[in-house]
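Below is one structure, written out as structure tokens; the observations come after it.
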Amino acid sequence: LSLGMLAWSGRQAGAKEGSFSGWLPIAAALTVLTMLLQIFAASFEELKQSSDWSAHSRDVLAAAQRLIADTFDSQRGMRGYILTGDPKALHAAEAGFAGIDRQLAAIGQLVADNPSQSQRLTAIAEDYRQLNRYSRELIALYQEQGLPAAMKKEAAGEGFAWANRT
């Protein structure tokens, strides 16, 4: 680019019968300006990519926080239903279970472009499936055999172990 500007300056000086050295500051200024514009364009593209990755990371974190909230809702609802028999608590548990499935699917879409994150999510999703399976079994046990049977199963510690894994 600089050589092109110098050649152009030389032709302009020859065509107008002026001195080549008079055109040098203009050619140098235009060369520097062109270089700065290219640097700014490259920097802007890097800034845009960085901003896009930052937004993507925030989306993943927000989905993970919703997953945690749905987990708390499902566990709180399950325990509330078993302790009180309140159908509203059962509804809250079911909504939490559905939310967990939704959030795992959303996170899966967000991390689909990253094989290592997808692999970790597969393991995490299995833990959540096991926790939900256990919770549903506990609800069914309560419905079929009552509170003492559910308490006995819960006292064995399986639910606590799955909750700690998630």
Side-chain angles (χ1 to χ4, degrees), residues 1-2 29-166:
L1 181 64
S2 296
L30 288 174
T31 299
V32 169
L33 180 62
T34 303
M35 290 171 52
L36 286 173
L37 287 173
Q38 289 176 341
I39 291 169
F40 288 146
S43 295
F44 183 74
E45 182 60 30
E46 286 181 24
L47 177 63
K48 184 181 178 320
Q49 287 177 353
S50 177
S51 177
D52 290 347
W53 278 114
S54 180
H56 179 267
S57 295
R58 282 191 304 274
D59 292 343
V60 172
L61 289 172
Q65 288 173 342
R66 287 189 299 271
L67 174 64
I68 292 168
D70 287 332
T71 302
F72 280 116
D73 289 346
S74 70
Q75 293 301 295
R76 184 174 33 254
M78 181 257 309
R79 283 177 172 71
Y81 175 67
I82 290 172
L83 291 174
T84 67
D86 184 357
K88 291 178 193 170
L90 179 59
H91 178 71
E94 292 297 336
F97 296 145
I100 288 169
D101 293 338
R102 249 189 335 272
Q103 294 313 318
L104 287 171
I107 294 169
Q109 290 177 345
L110 289 168
V111 301
D113 61 340
N114 187 321
S116 66
Q117 286 183 346
S118 292
Q119 193 173 28
R120 283 192 296 262
L121 180 62
T122 299
I124 291 168
E126 180 58 29
D127 289 343
Y128 274 98
R129 277 191 283 282
Q130 292 300 323
L131 178 62
N132 286 352
R133 174 201 52 79
Y134 172 81
S135 298
R136 286 186 169 112
E137 285 176 6
L138 199 59
I139 289 169
L141 185 63
Y142 168 76
Q143 291 171 334
E144 294 166 8
Q145 298 178 24
L147 181 60
M151 288 175 62
K152 183 177 179 183
K153 182 173 178 68
E154 183 69 357
E158 181 184 354
F160 186 72
W162 285 116
N164 280 340
R165 284 183 61 107
T166 58

Identify the heavy atoms of [X] and [Y] that sit nearest to each other, and give their distance.
{"X": "Arg129", "Y": "Thr122", "answer": "NH2-O, 4.3 Å"}
{"X": "Ile139", "Y": "Ile82", "answer": "N-CD1, 4.3 Å"}
{"X": "Ala63", "Y": "Leu110", "answer": "CB-CD1, 4.2 Å"}
{"X": "Val111", "Y": "Ser118", "answer": "O-OG, 2.9 Å"}
{"X": "Gly77", "Y": "Ala92", "answer": "CA-CB, 4.3 Å"}
{"X": "Ser74", "Y": "Ala93", "answer": "O-CB, 3.6 Å"}

Does [X] reach the side chain of [Y], with side-chain heavy atoms less than 4.5 Å apart?
{"X": "Arg136", "Y": "Met78", "answer": "no"}
{"X": "Leu67", "Y": "Arg102", "answer": "no"}
{"X": "Asp101", "Y": "Asn132", "answer": "yes"}

If you round to the nearest 0.5 Å, how far is [atom2] of [Y] from [atom1] of [X]?
{"X": "Thr71", "Y": "Asp127", "atom1": "OG1", "atom2": "CG", "result": "11.0 Å"}
{"X": "Ile124", "Y": "Leu104", "atom1": "CD1", "atom2": "CG", "result": "8.5 Å"}
{"X": "Leu138", "Y": "Met151", "atom1": "CG", "atom2": "CE", "result": "11.0 Å"}
{"X": "Ile107", "Y": "Asp59", "atom1": "CD1", "atom2": "CG", "result": "11.0 Å"}
{"X": "Gln65", "Y": "Arg58", "atom1": "CD", "atom2": "CZ", "result": "12.5 Å"}
{"X": "Glu46", "Y": "Ser51", "atom1": "CD", "atom2": "OG", "result": "13.5 Å"}

Strictly by modelled atom types, are [X] and [Y] linked by a side-chain donor-acceptor pair under 3.5 Å?
{"X": "Tyr81", "Y": "Gln143", "answer": "yes"}
{"X": "Glu154", "Y": "Tyr134", "answer": "yes"}
{"X": "Asn114", "Y": "Ser116", "answer": "yes"}

Open item on the list: Closer than 4.0 angstrom, basic N to acidic O: yes or no for Glu126 and Arg133?
Closed with: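 Salt bridge absent between Glu126 and Arg133.
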Task: Sidechain N-carboxylate O distance under 4.0 Å for Asp70, Arg66 - done: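 Salt bridge between Asp70 and Arg66, a charged N being under 4.0 Å from a carboxylate O: no.
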TODO: Check for a donor-acceptor pair, side chain of Ser54 on one end and backbone N or O of Ser50 on the other, with a separation under 3.5 Å.
DONE: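 It does not hold such a pair.
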Task: Result of checking Lys48, Gln49, His56 against Asp52 for side chain to side chain contact (heavy atoms under 4.5 Å, CB included) - done: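 The side chain to side chain contact (heavy atoms under 4.5 Å, CB included) with Asp52 is passed solely by Lys48 among Lys48, Gln49, His56.
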